[in-house]
Protein chains: 2
Amino acid sequence: MNVTIKDIAEQARVSYATVSRALNNKYGVDPETRRRVLSVAKELNYRPNAIARGLVSNRSFTLGLILPDVTNPYFPAVAAGIEAGAQERGYSVFLCNTNWDTRRETNYIKLLSERRVDGIIHAPVGNTLNEETEGLLPTVYVSNAPKNARQSSVIIDNIRGGYLATKHLIDCGYESVGFVGVSEHETMANNDRLEGYKTAFRRYGKEIKQDYIKFGDFRQETGYKIIQTMIADRSYPQAIFAENDVLAIGILHGIKDMGLRVPDDIALIGFDDISFSAYQEIQLSTISQPKERMGRLAVDLLIDEIESGDAKAAPRRVILEPELIVRKSSCRSTGSDEELLPRTEAGGSVPG
Amino acid sequence: MNVTIKDIAEQARVSYATVSRALNNKYGVDPETRRRVLSVAKELNYRPNAIARGLVSNRSFTLGLILPDVTNPYFPAVAAGIEAGAQERGYSVFLCNTNWDTRRETNYIKLLSERRVDGIIHAPVGNTLNEETEGLLPTVYVSNAPKNARQSSVIIDNIRGGYLATKHLIDCGYESVGFVGVSEHETMANNDRLEGYKTAFRRYGKEIKQDYIKFGDFRQETGYKIIQTMIADRSYPQAIFAENDVLAIGILHGIKDMGLRVPDDIALIGFDDISFSAYQEIQLSTISQPKERMGRLAVDLLIDEIESGDAKAAPRRVILEPELIVRKSSCRSTGSDEELLPRTEAGGSVPG
DNA sequence: ATGAAAGCGCTAACAT
DNA sequence: ATGTTAGCGCTTTCAT
């Protein structure tokens, strides 16, 4: 069996309450006694039982991380920030992979609540609040937050991101700009990116062509198929804003396999700035999210709430700025850099 | 406060032992009583406290997953298998990211032992056994295992992988074949891949040229720099076997940025078959590992050991077959497919 | 400064 | 079939 404070107490000839005090640096322990206890503990290779500790303190120093897909490079980038931040503050994190399945999300939340995690960081799939589980545990949403969420969140301004992407394509001079998204109403982030797209059209007095707005899912293959169908039907725009880089890369491949070129025949911009987008062979223009930083912010927010007992206080909504990254996929090389990066434009901020 | 079995006992007018029995489907509970207990439990929205349960059963149904870098696409692929397998069998997994730092590995193992995980799945950085922590917890190594490990492991035959890669390049007709590795003695997997490389040279009666064997680290950037230096020094082989795909992609970029072409000027093969290697823009030949399957095998092995109490039994070593994947980066299109895939060669297996 | 004892929520004997 | 009790390893009053 494992060594317990009782074993130490015996060896050190003190009560086990004293051992507990000594081990936890509490007041009221003779320095000499403390020294002896510590030395015995080390000698016996004592490891405090976090489970027992958790039972009495009602705190597990444990967090749940719920995300749709570890295999999609966007999420590990966020997760890295979360894991590092949690570790620094003495928390361990349970990895929960939902495979984009909201039922699995629900199950995981219940499971985590049985495991008595102190809180959850959740990159949710949908945009609807799960009434069954909402509020069960202190939660911080990251990357995407359900509508009307009563919990804190760390996201980027997706409307602005969608706006920047679309505006960039319009500024490049493309007459028609299409949109390829995950699903018509899947997540808030989706809605917002599409909203940003529409805003740009409005601003420029352009008319939205429904034929150039397509929805599928989050898979690369889907982007591939969507564009191939459009090309085969000879009905495709001069430029496409894809809602995320994975989709965009699928589109990129689809375009090439149909014998067309990017950006010459179809220009392309993605969203997220996953690491491969920067590869010289890909050179995908995109909207960047500060992924690791978002992860760190999310844990810090969560742990602050937990430790201050403020979990029920007003939720905080952190909204970070997206950044336009221009690479080769988006513009035929016309126009100056100024035009490509309309940073200084009046009214740069966008409604929402 | 959370609702406990006592609350249920009160409401259902039974002792809390009976509640426990009813909840856990134990024998000796009147069906009617059980029904009542269950209904009260549901009504009160009862969630069993896994912490308390763990304290008495001395089992947490919790696993630790220690890996070097979530951000390197190889590991999430393995992790996905682990997470899914664990979940199916009722275990949750703690994510531990070491950043290729062996001290962090040690710290994590201690931490996990305090958290009373039932076992650990470990993708270790080094090849040396950590005497301080080895055997502290039931462990299954995955992807790489320390020399003389006394615990089970799930790896591929890296010697054979290295051999296949090198043989392939030799078969393509390249006179000189170089090797770029992570570090001279960093991990067993590394050593073995290099060993396979050497074996191929021996088999073909070729002489190894030390100038064409280079070491760096696990970063893409490092591969980039190594090849650029070689090219700048005008001392580079016709083909290169890179110990992993991340390194290989760095090399690929380095070659292109120096104005040379792959495979025409320098042929290239990697190792791992991470997802981007298959991109049509990359087309990196490589040695494939069944990553997700390795993850699943590792959890299953671990949980079997845990649940059978066999943790101290003879460790099992699962060694899977690597697979040669030929894409465009490795051969100028000469020779038939037969030659490219020397599957039927006599003595296809390799010593080790 | 230290010890005795209660109790966290649960399971598992042991009674009845 | 059900209740009583002890105890898992620890923290935390409450005494002394």
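In the text below, chain A, chain B and the rest are named by the order of the sequence lines, each starting its count at 1. Note that this is a predicted model, so its numbers are computed, not measured.
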| field | d(CG, A/N2; P, D/dG7) in whole Å | value | 19 Å
Result block: side-chain N/O donor-acceptor pairs under 3.5 angstrom for residues 68-78 of chain B, not counting sequence neighbours:
from	atom 1	to	atom 2	distance (Å)
B/D69	OD1	B/T71	N	2.9
B/N72	OD1	B/Y74	N	3.0
B/Y74	OH	B/S143	OG	3.3
B/Y74	OH	B/Q289	OE1	3.0

| Any sub-3.5 Å donor-acceptor pair from B/R36's side-chain atoms to B/A12's backbone N or O? | yes
| task | Consider the side chain of B/R53, meaning its heavy atoms from C-beta on, and name the nucleotide among C/dA5, C/dC10, C/dC14 that approaches it most closely. | result | C/dC10
| request: Side chain of B/S15 only, please: which of D/dG3, C/dT2, C/dC10 is the nearest? | output: D/dG3
| query | Could you give the CD-to-C1' distance, from A/E10 to C/dT2, as a whole number of Å? | reply | 17 Å
| Are A/E305 and A/R316 close enough for a salt bridge, meaning some N to O gap below 4.0 Å? | no
| request: Walk me through it: do B/N24 and B/R53 pass the test side chain to side chain contact (heavy atoms under 4.5 Å, CB included)? | output: CA-CA 11 Å; B/N24 292 293; B/R53 195 175 266 179; 3.4 Å; yes
| query | Over how many whole Å does the gap from A/R115 atom CZ to C/dG9 atom P extend? | reply | 18 Å
| Heavy-atom pair of closest approach, residues B/L111 and A/S92 | CD2-OG, 3.6 Å
| remark: Minimal heavy-atom distance between B/E114 and A/R47, with the atoms involved, is OE2-NH1, 3.5 Å
| message | I'd like to know if A/R35 and A/D30 make a salt bridge, using a cut-off of under 4.0 Å between side-chain N and carboxylate O. | response | no
| remark: Whole-Å distance, B/F61 CZ to C/dC10 P, equals 16 Å
| Please give, in whole Å, the distance from C/dG9 C1' to B/Y16 OH? | 9 Å
| task | Check every strand shown and say whether A/T4 touches a base, only sugar-phosphate, or nothing at a heavy-atom separation below 4.0 Å. | result | sugar-phosphate
| message | Which nucleotide wins on minimum distance to the side chain of B/T18, given the candidates D/dG9, D/dG3, D/dT11? | response | D/dG3
| Rounded to whole angstrom units, what separation is found between the CD1 atom of A/I51 and the P atom of D/dC10? | 11 Å
| task | Heavy atoms only: give me the nearest B/V29-B/T18 pair and the separation to one decimal. | result | CG1-CG2, 4.5 Å
| message | Measure NZ/B/K6 against P/D/dG3 and give the value in whole Å, please. | response | 15 Å
| Taking the inter-plane angle between the rings of A/Y141 and A/H122 on a 0 to 90° scale, is it parallel (under 30°), tilted (30 to 60°) or perpendicular (over 60°)? | tilted
| Of the nucleotides C/dC8, D/dT11, D/dT2, which has the atom closest to the B/R21 side chain? | D/dT2
| request: Can you pull out how bent the helix from C/dA1-D/dT16 to C/dT16-D/dA1 is, comparing the axes over its first five and last five pairs, to 10°? | output: 40°
| Nucleotide C/dC8, atom P - distance to CZ of A/R59 in whole Å | 19 Å
| query | Of all of residues 24-46 of chain A, which get a heavy atom below 4.0 angstrom from DNA chain D, listed by number? | reply | A/N24, A/K26, A/Y46
| Result of checking B/Y91, B/F94, B/F61 against A/F94 for ring-ring contact (aromatic ring centres under 6.0 Å, His included) | B/F94
| task | When you get a sec, tell me which of C/dT11, C/dC8, C/dG3 is the closest nucleotide to the side chain of A/V56? | result | C/dC8
| request: For the side chain of B/I5, starting at C-beta, report the closest nucleotide among C/dG3, C/dC10, D/dG9. | output: C/dC10
